[in-house]
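No hydrogens, no waters, no symmetry mates; every other heavy atom, side chains included, goes into these values. For reference, positions follow the sequence shown, starting with 1.
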Amino acid sequence: MPVPMSDPSAWATAMNNLGMSPLGLSTQTLVTDFEQNVGLMPEFTPMNPLLPGLGLVPEVPVIKEIIHCKSCTLFPPNPNLPPPATRDRPPGCKTIFVGGLPENSTEQTIEEIFGPCGGIIAIRKSKKNFCHIRFAEEFTVDKALYLSGYRIRLGSSTDKKDSGRLHVDFAQARDDLYEWECYQRMLAREERHRRKIEEDLMRPPSPPPIVHYSDHECSLLGDKIKEDGQFAEAVRVLLTWLERGEVNRRNANNFYSMIQSSNSHIRRLMSEKAQHEKEMEEAKEKFKTALSATLAQFEQIVSVFQAASKQKAWDHFSKAQRKNLDVWRKQAQEIRNLQNEQLMGIRREEEMEMSDDDMEDLQSSKHLEDSAASQAEALKEENDSLRCQLDAYRNEVELLKQEQNNNQPARSEEDNTHSQQLSFLQQALQGMQTQLLKMREELKRRESELERNLEDKQQLNKEVQTLREGLQKLQRLKITEGAPVGIMSTFLHVHPFGASLEYICSYLQRLDSKVTGLNECPSLRISTSEVEALLSRLPCTFRQELTGVGASLEKRWNFCGFQGIYSL
């Protein structure tokens, strides 16, 4: 509440009793209540938002006010005096040192003075004129430092024991340092925890653990390997088992079956690769078609510029328009040439790929012939288009020459443009001629390759025909020899001691015509030499042995087709 100072002499007397010069103030605002909602004492002058020293406003010293408490009164220091010196602020400081207290001051008086600054935890007062005050928060220390330099008077007494000058400074306390260190450690823990969470989020997920080998897991893995969707995971498990050394004699067959199942996926992968290659070829073909269409449109645009450059239309354009048309025409021609080179490069790559295929696989001659024929047709079409372009360029050159001869008195600028057009057309004509010659050479080379491919195809057809005839002969020979071999095997099997060659031949000749296959196989009526040659060609089925002694020595043939089975 504002209290008028009606008696200035009383104010001056009080200031002189305290040893201070009067401030010459006529009125003072005395408010002793503490504003809890703002957090500041209304007795303290608020800071100016435009801070001094920034050059915005002139520096004006802050005028402090008188503070009235229940048992004492605080008088502000002289504003012309320098601010009181303070020590460096300790980390986490919540404790202040208060010196210059009156000898008769009590803890209640100290709490009345510094209570509005904030919550006080403890007051440690010494017998001398100082004490230590510990607050609950750090920011209240700054509010308490505002009272440094104030003169205090207890009641209305003028005794020296009831007056003093406050000196407030930072104090270093173990409790404050311990709490500050604990708070810093807590912040460090939170930071480490936050970083760990970020690292866990950024860390790639670890692969799932691989189970150990067992018969049950092996059966499950065998089923997974056969499925296309679970093949990758199953192969990883199989690879881990092989690297661990889980293979032994007992489960080697299981591992072999799983490896065989893995190998069966090669065919599927190759088919997928072929499908992808087919899609890539289709995309290339689509791109080439689109590029050809784009190039055709560029040709039309260039022809538009060429038509605009003729004398009938060119004379009606202004100088600036002619300049722009000339620039646009050059740009369109450059882009057209680049697109044409790109298309030719694609075709050259296709030709190189086709030549590589010719070197690698001779059996694809039909496909190569078709491709060579299509390329020859494409080359012919390109040759025709180049001829048409060449004729057009020649006609344009002749027209320009005629126009130049007819318009001799034209301006020098038009002559320069015509000469530039002529030189450009001549260069283009030379380039088209060279390209045409190259195309002709390429066409001849393709035609020669096509002829060679046709000759190779005929030769391969002849070889295939001879191989088929030989195969048919061999099959017929096997069919004709099958019946005699079966009959002789049965005959010798019922003669465990063997039979002579004459006996075998006589048996074959005495066979009744009702035997199955006899009428169909007239080769059974063979000579002794043929029977012996047939027996000699099958050493795994028939074996010749010598039996008898002396004059009774005789060669006999035995059936040995079952000896290999008995040995197993």
Side-chain angles (χ1 to χ4, degrees), residues 215 218-219 222-223 225-226 247-267 362-363 459-568:
D215 294 338
C218 180
S219 62
D223 296 336
I225 290 176
K226 296 177 182 178
V247 186
N248 51 34
R249 290 184 177 272
R250 184 176 60 84
N251 56 17
N253 293 330
N254 296 333
F255 276 94
Y256 178 78
S257 62
M258 289 188 290
I259 295 171
Q260 187 177 7
S261 301
S262 302
N263 185 48
S264 63
H265 285 270
I266 294 176
R267 188 181 304 168
L362 295 176
Q363 296 181 357
Q459 187 177 0
L460 289 173
N461 290 333
K462 292 179 180 178
E463 293 178 357
V464 170
Q465 188 65 27
T466 54
L467 290 174
R468 286 179 179 176
E469 292 176 358
L471 183 59
Q472 290 176 0
K473 290 180 181 179
L474 183 60
Q475 289 177 355
R476 287 197 299 271
L477 183 61
K478 288 183 177 179
I479 291 171
T480 55
E481 290 181 355
V485 169
I487 293 171
M488 288 187 291
S489 299
T490 306
F491 176 73
L492 293 177
H493 181 63
V494 299
H495 292 78
F497 299 103
S500 62
L501 184 61
E502 292 79 7
Y503 188 20
I504 295 172
C505 292
S506 63
Y507 176 74
L508 291 174
Q509 293 173 1
R510 287 196 309 270
L511 281 175
D512 192 84
S513 61
K514 296 181 180 181
V515 177
T516 303
L518 183 59
N519 297 330
E520 291 81 358
C521 302
S523 62
L524 286 174
R525 303 182 182 91
I526 56 178
S527 61
T528 307
S529 60
E530 293 178 353
V531 173
E532 186 177 4
L534 182 59
L535 293 172
S536 300
R537 281 203 305 270
L538 302 173
C540 296
T541 307
F542 306 105
R543 183 176 59 193
Q544 189 178 17
E545 295 180 353
L546 293 176
T547 59
V549 179
S552 62
L553 189 63
E554 184 181 8
K555 292 182 179 180
R556 292 187 179 183
W557 288 90
N558 294 329
F559 179 73
C560 60
F562 295 145
Q563 290 184 0
I565 299 175
Y566 296 153
S567 62
L568 295 175

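- Between I225 atom CD1 and N263 atom CG the span is 11.5 Å, to the nearest 0.5 Å.
- With sequence neighbours left out, L546 forms a side-chain contact (heavy atoms from CB on, under 4.5 Å) with L553, K555.
- Between the CG atom of L535 and the CE atom of M488 there is a distance of 4.5 Å, given to the nearest 0.5 Å.
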W557 vs S536, side-chain contact (heavy atoms from CB on, under 4.5 Å): CA-CA, chis, key distance, verdict: CA-CA 10 Å; W557 288 90; S536 300; 3.9 Å; yes
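- The main-chain N or O of L538 is never found under 3.5 Å from a side-chain atom of T541 such that the two would form a donor-acceptor pair.
- Taken to the nearest 0.5 Å, the CG atom of L534 stands 9.5 Å off from the CD atom of E530.
- Checked against side chain to side chain donor-acceptor pair (under 3.5 Å), T466 has no partners two or more places apart in sequence or in another chain.
- Residue pairs meeting the salt bridge (charged side-chain N to carboxylate O under 4.0 Å, His left out) criterion with at least one member in residues 483-502, sequence neighbours excluded, do not occur.
- Checked against side-chain contact (heavy atoms from CB on, under 4.5 Å), N248 has the following partners two or more places apart in sequence or in another chain: R250, N251.
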From CA spacing to verdict: side-chain contact (heavy atoms from CB on, under 4.5 Å), F559, T490: CA-CA 9 Å; F559 179 73; T490 306; over 6 Å; no
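- E532 is linked by a salt bridge (charged side-chain N to carboxylate O under 4.0 Å, His left out) to nothing, counting only residues two or more places apart in sequence or in another chain.
- Considering only residues two or more places apart in sequence or on other chains, R249 meets the side-chain contact (heavy atoms from CB on, under 4.5 Å) condition with none of them.
- If you take NZ on K462 and CG on L460, they are separated by 11.0 Å, rounding to the nearest 0.5 Å.
- Contact between P539 and C560 at its shortest, heavy atoms only, is O-SG, 3.9 Å.
- Applying the side chain to side chain donor-acceptor pair (under 3.5 Å) criterion to E545, with sequence neighbours excluded, gives R543, N558.
- Listed by chain and number, the residues in a side-chain contact (heavy atoms from CB on, under 4.5 Å) with Y503 are F491, H495, A499, S500, S506, R510 (sequence neighbours excluded).
- Atom OG of residue S261 and atom OH of residue Y256 lie 10.5 Å apart, to the nearest 0.5 angstrom.
- Of all heavy-atom pairs spanning C218 and M258, the tightest one is SG-CE, 3.7 Å.
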Full working for side-chain contact (heavy atoms from CB on, under 4.5 Å) between I504 and L492: CA-CA 8 Å; I504 295 172; L492 293 177; 3.9 Å; yes
